[in-house]
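Working notes for the structure below.
Lettering of chains follows the sequences in order, A, B, ..., and the numbering in each one begins at 1.
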Number of protein chains: 2
Amino acid sequence: MRITNQREIILEELRKLKTHPTADELYDVVKKRLPRISIATIYRNLERLSEEGMIHKLEYGGRQKRFDGDMRPHCHVFCVKCGRVSDVETKNDVNIMDMVLDSKGFKIFEGGVQFEGLCPLCQKGDDCETLQ
Amino acid sequence: MRITNQREIILEELRKLKTHPTADELYDVVKKRLPRISIATIYRNLERLSEEGMIHKLEYGGRQKRFDGDMRPHCHVFCVKCGRVSDVETKNDVNIMDMVLDSKGFKIFEGGVQFEGLCPLCQKGDDCETLQ
DNA sequence: GTATTTAATAGTAATAATTATCAAAAAGGA
DNA sequence: TCCTTTTTGATAATTATTACTATTAAATAC
Ligand SMILES: [Mn+2]
Ligand SMILES: [Mn+2]
Ligand SMILES: [Zn+2]
Ligand SMILES: [Zn+2]
């Protein structure tokens, strides 16, 4: 995979963020360094980088995918109201993959615990849906 | 909640299916019994039934929502290629909620294990994306 | 039983997120 | 440098979902 300037900066900015941004949220950040970048380039590269195993694509509830530059294994919680995602610190004494008894023919290569909840903002009753 | 004919048949057909159908997949099934039903009625009722806790809405970010008429607690695996969802049988000896050490201000009310993998069709290399 | 109110439906328009397309530019050799 | 391949920016197209609205059906009041 070629390391273009766009690709490098997208990865760099994603890694800086601890917010698990959506494509358009990351677009807003990257635009500050590359004002002429296209949203399509963001989508394309996030897809590509996750294929290459350099970032995580988070397909949790909510209508938008989110992305994570932190490749260390860890759990997430997502807000069922606004879709925000946060890391969760957990005890590390369970091997999830060992729990499977029957996967109905699916080849499983990843398993993780996901929590659902309300983010601090949504707990306050803020209508933060639109900020998502 | 009124029990209309449409609502009843949507619930009935969803419960028959073990496939975790999308709204449009269920639409195709229900149409056989109610040829004049609207896709909007399917969406509306699936939303309503899940609000009432009668069915599960399975949300995978950036993908079509899927629905499950089986309310017994169980785990799912979804195919990262085509989005199909299947039940996973698991050992039932872990209390996920006890694993949390720090949820960064999120109020957590549910936690579950979710698996990612490839469905039997996608393993064969079938381009089943369109059949989804 | 008929009138009035309320909820649900079908059909379709609007919206939001993502993906596809394509000509131009950039990257990486030979 | 010249040639080939990859990537990009701009935008069109698609997909999934939600919103809207006139009509119909159900429930309740009279
Ligand atoms: Mn994370
Ligand atoms: Mn299920
Ligand atoms: Zn929230
Ligand atoms: Zn598949």
| query | What about B:R36, does its side chain sit under 3.5 Å from the base of C:dG11 through a donor-acceptor pair? | reply | no
| field | Among D:dA16, C:dT12, C:dT18, the nucleotide that comes nearest once only the side chain of B:Y43 is considered | value | D:dA16
| From the list D:dA27, D:dT8, C:dA10, which nucleotide is the closest neighbour of the side chain of A:T4? | D:dT8
Round to the nearest Å and state the distance from [X] atom [atom1] to [N] atom [atom2].
X     : N      : atom1 : atom2 : result
B:R44 : D:dC20 : CZ    : P     : 13 Å
A:L34 : C:dA25 : CG    : P     : 18 Å
B:D28 : D:dA16 : CG    : P     : 12 Å

| request: List the atom of A:F109, the atom of A:M97, and the distance in Å for their closest heavy-atom pair. | output: C-CE, 3.9 Å
| note | Of B:R48 and A:N5, the one whose nearest nucleotide on DNA chain C sits closer to the 5' end is B:R48
| message | On DNA chain C, does the nearest nucleotide to B:G62 precede the nearest nucleotide to B:M1 from the 5' side, or the other way round? Give the residue. | response | B:M1
Give one of base, sugar-phosphate or nothing for [X], where a contact means two heavy atoms less than 4.0 Å apart.
X     : answer
B:Q6  : sugar-phosphate
A:R7  : sugar-phosphate
A:N45 : sugar-phosphate

| Cationic tip of A:K31 within the cone over A:Y27's six-membered ring, i.e. under 6.0 Å and within 45° of the normal? | yes
| task | I would like to know whether A:K104 and B:E89 meet side chain to side chain contact (heavy atoms under 4.5 Å, CB included); could you show each step before the answer? | result | CA-CA 8 Å; A:K104 311 284 161 56; B:E89 266 183 64; 4.2 Å; yes
| field | More than 12 heavy atoms of other groups within 6.0 Å of A:K107 NZ | value | no
| said: I want to confirm an ordering. Mapping B:K65 and B:I3 to their closest nucleotides on DNA chain D, which one lands closer to the 5' end? | reply: B:K65
